[in-house]
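A short write-up of the structure that comes next.
Remember, it's 1-based here, ligands and their atoms both numbered in the order they're listed. Basis for what follows: all heavy atoms, side chains included, without hydrogens, waters or symmetry-related copies.
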Amino acid sequence: MDFGKIIERLMDKPLDEKNKNLLVNRDKEFEMINLIIKYQPYGIYGICGETGIGKTTVINNIYTDLYSVKISLSQRENQDTILYDILYNLSLKTEKDIELSREIKEWVLEEISYIKGFSMGMSFFGNASVSRQNQKIPRFNYFKAKEYLNKLTDELIKKYKKVVLIIDELDKESKKEVLLVLDNLKLELQKEGFIVLVSLPYSIYREYKFDRMHRNESGNLENVIKDIIYLREFTNSEIKEIIIKRIKDFIYLFDENVIDLIADYSDGNPRDAFWITQKIVFEALSKKLEKIDYSFARTTIKTIVNEYLKEISLTDKQKSMIDEDLFPGTREDIVKKAIENKKLPRSTAYSIFDKLLKTGIIIEQNGIYRLSGKSKYLYID
Ligand SMILES: Nc1ncnc2c1ncn2[C@@H]1O[C@H](COP(=O)(O)OP(=O)(O)O)[C@@H](O)[C@H]1O
Ligand SMILES: [Mg+2]
């Protein structure tokens, strides 16, 4: 059955060297990254964007002649484990080039097994045990780890003059945690000859922009992050290209405008596009269809959206603002129109706007708000 093979093609996985042929655009972003690597003397740079927009894919496809190390964090419980994770991965990847790395790697492993062993003992004996309670709980040796990181980066720079460190998966962390980590590692990571690229959550980008414009009171972000490469949403035609590249051998199974529907639904996010396409294909499989046509796809999307969003349960007043005529625009534009067209009191219009934004029915792109591709399916027949 051909539909079965499509599911495999639609696997949501970051692209890398092996499937580079599926890569669409991001030329500007790669160019920007290359310029930074080439000309900036040092600094921490963020690769920002919502989840599923392609951060890992971009990171996987950065190539440079300089000495570079790519690491992907997996131990992200707290600041200590993040530091240990960076240190461990960096020493592991540089082991064959830097003598100190082996010592560091073994030290981290020993520390971890000691702490893990102890915490398992703790839970085994339980907290009630009096003798255990008085015992000192072993802690991560944060300062020693920092010292090692400092030494290792020094050695790398001494040997290679300029070094690129790329860290992925920091975007899974909360904004607060990321900032703490980067701020606390300023001394170790910000030095002449050391370029650090990190994937960051979208929320940091917004705050960063505010800081740069000096609108934020705290204004500490720009001290830590020198610049941000923002991964924008793909255009509808890019999303179409992304999907078609994946399923091109089976494209005859879809009516042409089905891919338009999917692109519109995705709001420029490939992860959403793959997800909904898989859903539609599964539905077609269970209905034993020969081909996916427009009305089938539309009905399927509608059912799925309503299922997922029915929890939000909006009032009629709130629903009245889900109206294409009010969008797109700035928050003020839209609220003003809602007051005029829908006869809503100002404060009500603002609070509905914020609720719709929070639930993802309204989405923002560079200060301009519009209805999400999903929301169109909410109240249509
Ligand atoms: N430029 C691109 N061209 C084609 N597909 C892409 C591109 N960027 C991302 N994708 C696809 O989108 C999905 C999400 O990408 P990923 O890199 O994992 O995003 P993130 O790291 O931001 O969560 C993956 O399935 C990936 O293959
Ligand atoms: Mg990722």
Ring centres of Y205 and Y230 under 6.0 Å apart? yes
[X] and ligand 1 - part of the residue with a heavy-atom distance under 4.0 Å:
X    : answer
T56  : both
K55  : both
R246 : side chain

Can you tell if the side chain of [X] reaches within under 4.5 Å of the side chain of [Y], non-hydrogen atoms only?
X    : Y   : result
I228 : Y45 : no
E17  : N60 : no
I71  : Y88 : no

Protein heavy-atom partner closest to [atom] - residue, atom, separation in Å:
atom                    : answer
atom 27 (O) of ligand 1 : K13 O, 2.6 Å
atom 1 (N) of ligand 1  : V24 O, 2.9 Å
atom 4 (C) of ligand 1  : L22 O, 3.3 Å

Using modelled atom types and a 3.5 Å cut-off, is there a donor and acceptor pairing between side-chain atoms of K162 and backbone atoms of I37? yes
Quick one: does any side-chain atom of Q190 pair with a main-chain N or O of V224 as donor and acceptor, under 3.5 Å? yes
Run down the list G54, G49, G52 and name the one with the heavy atom closest to atom 23 (O) of ligand 1.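 It is G52 that holds the nearest heavy atom.
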Yes or no: does K245 have any heavy atom under 4.0 Å from an atom of ligand 1? no
Going by heavy atoms, is L15 under 4.0 Å from ligand 1? yes
